[in-house]
Amino acid sequence: MNLDFTNIYPNPTTYSYSGWVFVTTYGEDPGNHEPFSHTEYFDCPNLLEARKAAINWYYDTLNGLIKEGSYFLPFTGPKDFEFGKNAAFSIGVFMVHSWGDQIDEFCLLGYDEDAIEETIEMEKIIFKQLGLVL
């Protein structure tokens, strides 16, 4: 792939990372609790540091959810999930590409494997163009 991401978008073009976590009982727990959603932004001047911080956040958050094991109801995998008996969570890390008022996010962790592979390939090109080694 021979794309130049530094010249195909209007300036200023910026890159950063974000992490997103969502937990819910779908309102089926005894207290009818609302879902919880949180976005964490990693906007370090050094893109490699931002990437590392986002990945660390992902694993710390994931491990915390697994260790806690519940959100008003116990967590379970999709195969064993039952409304009213289980809670669910979703977590991901994204490379954020911004230019002007346009923002695109590309999945790095937590979701579709094909999308993750594409993001990593795109990262390699961007990091090389920025003079950084991934």
Stepwise, does the side-chain contact (heavy atoms from CB on, under 4.5 Å) test hold for L73 with H33?
CA-CA 10 Å; L73 293 172; H33 290 89; over 6 Å; no
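- Aromatic ring orientation, F36 versus H38: parallel (interplanar angle below 30°, classes split at 30° and 60°).
- One finds the CD1 atom of I103 at 8.0 Å from the OG1 atom of T14 (value rounded to the nearest 0.5 Å).
- Here the closest non-hydrogen pair linking Y111 and G92 is CE1-CA, 3.5 Å.
- The environment of E34 atom CD is sparse: at most 12 non-hydrogen atoms of other residues, nucleotides or ligands sit within 6.0 angstrom.
- Nearest heavy atom pair, residue P74 against residue S70, reads CA-CB, 3.7 Å.
- By the 4.0 Å N-to-carboxylate-O rule, K85 lies too far from E28 to be salt-bridged with it.
- Atom CD of E117 is separated from atom CG of D112 by 9.0 Å, given to the nearest 0.5 angstrom.
- Formation of a donor-acceptor pair under 3.5 Å by the N86 side chain with backbone atoms of E82 is found in this model.
- Expressed to the nearest 0.5 Å, how far CZ of F89 lies from OG1 of T25 amounts to 14.5 Å.
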Check step by step if side-chain contact (heavy atoms from CB on, under 4.5 Å) holds for L62 and L109.
CA-CA 11 Å; L62 179 62; L109 284 173; over 6 Å; no
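- Nearest heavy-atom pair, A88 versus F81, reported as atom, atom and distance to 0.1 Å: CB-CE1, 4.1 Å.
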Before you tell me yes or no, could you show the steps for L132 and L48 under side-chain contact (heavy atoms from CB on, under 4.5 Å), namely the whole-Å CA-CA distance, both residues' side-chain angles and the distance that decides it to 0.1 Å?
CA-CA 8 Å; L132 302 170; L48 283 170; 4.1 Å; yes
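- In this structure, CD1 in I55 is found 7.0 Å from OH in Y17, a value given to the nearest 0.5 Å.
- Taking CE of M95 as the reference point, atom OG of S16 lies at 8.5 Å (rounded to 0.5 Å).
- By the side chain to side chain donor-acceptor pair (under 3.5 Å) test, E105 is found to be paired with S18, residues two or more places apart in sequence or in another chain being considered.
- Residues I126 and F94 do not share a hydrophobic cluster, clusters being chains of Ile/Leu/Val/Met/Phe/Trp/Tyr side chains in contact below 4.5 Å.
- Contact of the F22 side chain with the P35 side chain is registered, since non-hydrogen atoms from C-beta on lie closer than 4.5 Å.
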Output, in order, the C-alpha distance, side-chain angles, deciding distance and verdict of side-chain contact (heavy atoms from CB on, under 4.5 Å) for Y15 and S98.
CA-CA 6 Å; Y15 299 99; S98 307; over 6 Å; no
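- Here the CD1-CZ distance, from I120 to F106, works out to 14.0 Å after rounding to the nearest 0.5 Å.
- With a 4.5 Å cut-off on side-chain heavy atoms, V93 and R51 do not count as touching.
- With sequence neighbours left out, the salt bridge (Lys or Arg N to Asp or Glu O under 4.0 Å) criterion links K124 to E121.
- Residues I91 and T61 have side chains in contact (heavy-atom distance under 4.5 Å, counting atoms from C-beta outward).
- The side-chain heavy atoms of E49 and F42, taken from C-beta on, include no pair separated by under 4.5 Å.
- Between the side chains of S37 and W20, at least one donor N or O sits under 3.5 Å from an acceptor N or O.
- Between W99 and H97, the closest side-chain pair of non-hydrogen atoms falls below 4.5 Å.
- Side-chain N or O atoms of T119 include one that pairs as donor or acceptor with a backbone N or O of C107 at under 3.5 Å.
- Grouping the Ile, Leu, Val, Met, Phe, Trp and Tyr side chains by contacts below 4.5 angstrom, directly or via other members, places V96 apart from Y41.
- When hydrophobic clusters are built by joining Ile, Leu, Val, Met, Phe, Trp and Tyr residues whose side-chain heavy atoms come closer than 4.5 Å, directly or via intermediates, F83 is not grouped with V23.
- L47 and V133 end up in different hydrophobic clusters when Ile, Leu, Val, Met, Phe, Trp and Tyr side chains are linked at under 4.5 Å.
- Under the 4.5 Å side-chain criterion, counting only non-hydrogen atoms from C-beta, V21 is in contact with L65.
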